[in-house]
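We name chains A, B, ... by the order of the sequence lines, and we start the count at 1 in each one.
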Number of protein chains: 4
Amino acid sequence: MTARSPAKLKPRKMPIQARSQATIEAIFEATIQVLLQGGARALTTNRIAEKAGVSIGTLYQYFPGKEALLYALVGRHLDKAGEAVERACRVHGGMSLADCADLFVDAYIDAKAGDVAVSRALYHASTELDMQDLGAAMLARLHQAVRGLLEHAHGGQPETLDTIVFSWVAVVTGGTRVLFEQDGTIERLPAFRAQLKLMSRAYLDILGTSDMRTDHTRNGECYLAKT
Amino acid sequence: MTARSPAKLKPRKMPIQARSQATIEAIFEATIQVLLQGGARALTTNRIAEKAGVSIGTLYQYFPGKEALLYALVGRHLDKAGEAVERACRVHGGMSLADCADLFVDAYIDAKAGDVAVSRALYHASTELDMQDLGAAMLARLHQAVRGLLEHAHGGQPETLDTIVFSWVAVVTGGTRVLFEQDGTIERLPAFRAQLKLMSRAYLDILGTSDMRTDHTRNGECYLAKT
Amino acid sequence: MTARSPAKLKPRKMPIQARSQATIEAIFEATIQVLLQGGARALTTNRIAEKAGVSIGTLYQYFPGKEALLYALVGRHLDKAGEAVERACRVHGGMSLADCADLFVDAYIDAKAGDVAVSRALYHASTELDMQDLGAAMLARLHQAVRGLLEHAHGGQPETLDTIVFSWVAVVTGGTRVLFEQDGTIERLPAFRAQLKLMSRAYLDILGTSDMRTDHTRNGECYLAKT
Amino acid sequence: MTARSPAKLKPRKMPIQARSQATIEAIFEATIQVLLQGGARALTTNRIAEKAGVSIGTLYQYFPGKEALLYALVGRHLDKAGEAVERACRVHGGMSLADCADLFVDAYIDAKAGDVAVSRALYHASTELDMQDLGAAMLARLHQAVRGLLEHAHGGQPETLDTIVFSWVAVVTGGTRVLFEQDGTIERLPAFRAQLKLMSRAYLDILGTSDMRTDHTRNGECYLAKT
DNA sequence: TATGAATGAGATTTCATTCAT
DNA sequence: TATGAATGAAATCTCATTCAT
């Protein structure tokens with residue numbers, strides 16, 4: 001996690017004894033449980049401590065407040081997802097754009113889908129707080145990873161490439177989020193995943209076949225000749 | 001507002017008199033102001049009433065509670081956006097798929113971009129409450145509008161079409177949301193808009209050229225031959 | 001009260017209805033009662049509210065916190081005492097120094113002795129908080145009053161006079177405080193008052209008979225010829 | 001330490017080993033540091049232990065509680081000051097009253113002024129707790145010392161002498177305290193010291209020249225003929 | 001209808017102290 | 001003896017909501 005945490009959000013103490021590690025783990029787990037069962041409204045430090053089987057005081061030994069706890073938890077989850085995507089993106093031999101498309105879409109959705117329920121719960125919790133920076137860090141991370149992925153597959157200008165990567169990442173992450181956030185749409189995930197790949201391939205393809213060296217937009221207006 | 005509101009969330013009275021209308025308007029406006037200035041944390045009913053220049057008692061004359069107030073406000077905003085998109089989508093003569101793509105992307109982003117700050121503020125506020133149904137209603141509405149848009153432009157199976165529409169809508173709304181939610185990414189909106197159109201056209205195009213009568217996915221697995 | 005209060009110490013709301021005044025009065029009264037019965041340790045906002053017969057929420061409508069409440073209460077008491085002393089000191093016709101001595105000592109002790117118990121309670125409570133400025137304001141006020149009292153009775157240099165006034169005020173207020181703070185010494189007050197007058201007269205006298213135009217100290221060392 | 005300590009306030013064990021002594025010393029020192037840095041509000045046992053470089057458990061090995069720790073620390077400081085004054089007062093050959101006055105004032109202020117900051121810090125800390133008895137003990141001690149000082153210098157009735165001594169001690173200690181407690185008045189200490197001597201001499205002198213065998217007050221009313 | 005004083009459940013957080021290791 | 005993780009009672013403070021005027 002590269003984002004710098006304001007003082008209020010930094011964990012309080014580095015556990016020395018092994019017991020501490022278990023306690024922190026229990027608190028994290030309990031937080032997720034509470035979130036899953038009662039939603040963001042039910043997420044109180046007392047409930048977390050109770051569910052974790054520790055006293056409220058113990059919770060505050062490790063985190064200066066609820067926000068810090070959530071910050072750490074969300075950060076950890078995002079880190080995991082970010083790492084997974086990065087790992088996947090590093091294995092880029094001579095891949096076609098279509099393969100790149102599939103690779104990123106699969107890597108991202110798999111990272112999120114690992115535990116759909118937890119992802120959903122954390123999505124909701126994180127908007128409660130000011131976790132802009134975590135989201136921004138994640139976005140930046142994905143951007144780098146995807147940039148590395150595409151750099152080898154085409155030869156566009158850096159600036160253009162950035163716009164493409166940014167847009168693609170936004171679309172993949174944002175689109176996936178819609179599915180996770182709505183009740184009852186998660187069953188559409190397989191179909192959505194396929195369509196997302198299709199869309200990504202089509203997008204990258206069209207960028208690749210046309211001259212990538214030229215920007216397809218002028219003043220933010222698209223002028224690519226319609227097929 | 002198409003979403004059914006639970007009893008607790010319905011406005012308390014149908015204001016007919018102009019004075020009432022003005023009061024409600026003031027309350028809505030104040031809510032947005034408070035949200036913009038202090039964020040979701042500062043959004044208290046007392047503060048809203050104060051900023052609106054009415055007493056807390058008056059506020060409760062018009063809304064049974066805080067949630068109802070927010071529900072109504074967010075609903076109104078979504079309604080406006082939904083209507084705008086619907087209106088745009090109704091004007092579909094013999095449009096090409098590419099034109100459809102541009103049409104929807106522009107309609108949606110324009111609807112949101114009308115007041116970026118307010119949209120952002122309400123995004124945040126809405127996650128505080130349980131407004132799943134508002135989001136779902138919006139999604140359904142957009143789905144219908146986009147479905148109507150595409151039905152004329154191609155002749156696929158209804159089921160396949162639904163998947164396409166769902167995915168496209170998710171990607172456009174979700175992707176746009178990423179821009180709105182992050183600090184400092186809104187300046188990328190013009191470029192993003194162009195890329196989103198490009199992507200949408202490419203997506204719809206590839207679906208149109210291949211046989212839309214067959215589903216490109218089987219068991220959620222994409223099998224479209226890679227170009 | 002001339003001292004500027006930091007934001008955290010300012011009362012929260014100016015009561016509009018008459019009911020409010022009564023509530024505030026009740027809270028002040030309850031604060032004193034709790035202080036008298038349980039000491040500074042027992043002084044909690046909940047206890048105060050309970051004793052005042054109002055809810056804890058009501059207390060916080062008027063004061064942003066315990067400190068602010070105490071600040072206001074102590075300020076009010078000091079104000080009363082300060083005013084009493086000022087009033088007394090204004091009546092200075094052609095008084096002798098001895099009369100001046102008696103006047104100030106009596107005025108100050110009378111102001112404090114009005115309600116010994118309350119004074120003691122507030123002395124203790126005020127050290128809990130950071131009320132330096134209230135004490136400083138009181139001291140400054142007394143200084144002015146006493147300065148006015150003595151200016152007419154002698155003709156020393158302003159600077160010398162300030163030192164004298166400062167020392168005398170310190171001795172009278174500090175000495176009195178010792179009596180009030182200790183358990184079981186309050187019965188000595190009459191005798192102490194007499195001695196304090198004696199001492200004050202002797203002090204002012206000796207300053208008056210010697211040349212007030214010269215400073216009796218040099219480098220902080222006293223060089224007044226011993227009688 | 002002459003004051004009797006309630007069971008709860010007695011140090012837990014008599015440390016004989018040098019290591020223990022060092023630990024206790026470190027705890028005392030840390031307490032003062034914390035007090036100086038963060039004030040009474042920041043004075044927590046955990047912080048003290050941390051600053052002292054020992055574990056919280058160790059702190060509780062040596063003191064049964066926070067109060068006991070402070071009690072011991074304040075007691076030690078008062079003891080030092082008391083001893084210093086006593087020592088000074090014992091050296092009374094055939095001293096004049098004026099010399100006595102100077103002696104006590106200097107002895108007391110010097111004892112306090114040794115470390116102004118520490119004195120101030122402990123002043124504040126001591127009001128947090130119930131340390132009436134320490135203050136009373138100190139007062140009694142000073143009373144004895146000053147009584148011994150004055151007994152040789154005049155031949156008044158014991159009862160009258162007690163009143164004089166009590167008043168003088170109150171005035172010297174209380175007056176000095178005013179300077180120490182207020183921010184920014186400590187620079188006036190040299191001038192104040194001189195004035196306090198002046199006042200003390202004048203006071204003792206006037207008592208000495210008039211018939212000390214008679215009480216100058218009757219029913220608490222002063223009737224000493226004004227010079 | 002409008003007002004705003006009052007409510008109080010409940011959330012956050014602290015910190016003196018204990019006790020298993 | 002030393003350690004430090006754990007405790008939990010208790011304090012502070014908020015804010016949605018009610019209701020007498």
What is the separation between atom CG on C/Leu69 and atom P on F/dT12, rounded to the nearest whole Å? 11 Å
A/Leu70 side chain near A/Leu43 side chain, heavy-atom distance below 4.5 Å: yes
Categorize D/Leu43 for me: base, sugar-phosphate, or nothing, with a 4.0 angstrom heavy-atom threshold over every strand shown. sugar-phosphate
Would you say a side-chain N or O of C/Tyr62 is under 4.0 Å from OP1 or OP2 of E/dA6? yes
d(CD1, A/Ile27; P, E/dT12) in whole Å: 14 Å
At less than 4.0 Å, is any side-chain N or O atom of A/Tyr60 found next to OP1 or OP2 of E/dT13? Yes or no. yes
Nucleotide nearest A/Ile56 when distance is taken to its side chain, options E/dT17, F/dT7, F/dG8: F/dG8
Using heavy-atom distances to pick each residue's nearest nucleotide on DNA chain F, tell me which of B/Thr45 and C/Thr45 is more 5'. C/Thr45
Is there a side-chain contact (heavy atoms from CB on, under 4.5 Å) between A/Val54 and A/Gln61 once you walk through the steps? CA-CA 11 Å; A/Val54 300; A/Gln61 292 257 350; over 6 Å; no
Looking only at the aromatic ring of each residue, does the gap between the centers of B/Phe63 and B/Phe28 stay below 6.0 angstrom? yes
Touch class at under 4.0 angstrom, heavy-atom based, for B/Thr44 against every strand present: sugar-phosphate
Using a 3.5 Å limit on both pairing distances, list the dot-bracket string of DNA chain F from the 5' end; Watson-Crick and G-U wobble pairs count, crossing pairs take [ ], interstrand pairs take |. .||||||||||||||||||||
Atom pair distance, as rounded to whole Å: CG in D/Leu59 and C1' in F/dA2: 12 Å
In whole angstrom, what separates A/Leu70's CG from E/dT12's C1'? 14 Å
Within a radius of less than 6.0 Å around CD of D/Glu50, do more than 12 heavy atoms belonging to other residues, nucleotides or ligands occur? no
For A/Thr23 and for B/Arg47, locate the closest nucleotide of DNA chain F by heavy-atom distance; then report the residue assigned to the nucleotide nearer the 5' terminus. A/Thr23
Value in whole Å for how far the P atom of F/dT3 lies from CD of D/Glu50: 13 Å
Which whole-number value in Å describes the distance from B/Asn46 CG to E/dA5 C1'? 11 Å
Should A/Gln33 and A/Gln37 count as side-chain neighbours, where that means a heavy-atom distance under 4.5 Å? yes
Nearest of F/dA5, F/dT3, F/dT12 to any side-chain atom of D/Ser55? F/dT3
Counting distance alone, no hydrogens or angles: does the base of F/dA6 have a donor or acceptor under 3.5 Å from a partner atom on the side chain of A/Gln61? yes
Is D/Thr58 touching bases, backbone alone, or none of the nucleic acid, heavy atoms closer than 4.0 Å? base
Could you tell me if the side chain of A/Arg120 sits less than 4.5 Å from the side chain of A/Asp183, heavy atoms only? yes
side-chain hydrogen bond (donor to acceptor under 3.5 Å, both in side chains), that's the test. Do A/Thr23 and A/Ser20 meet it? Break it down for me. CA-CA 5 Å; A/Thr23 300; A/Ser20 304; 5.8 Å; no
Whole-Å distance between F/dC15 P and B/Arg41 CZ? 9 Å
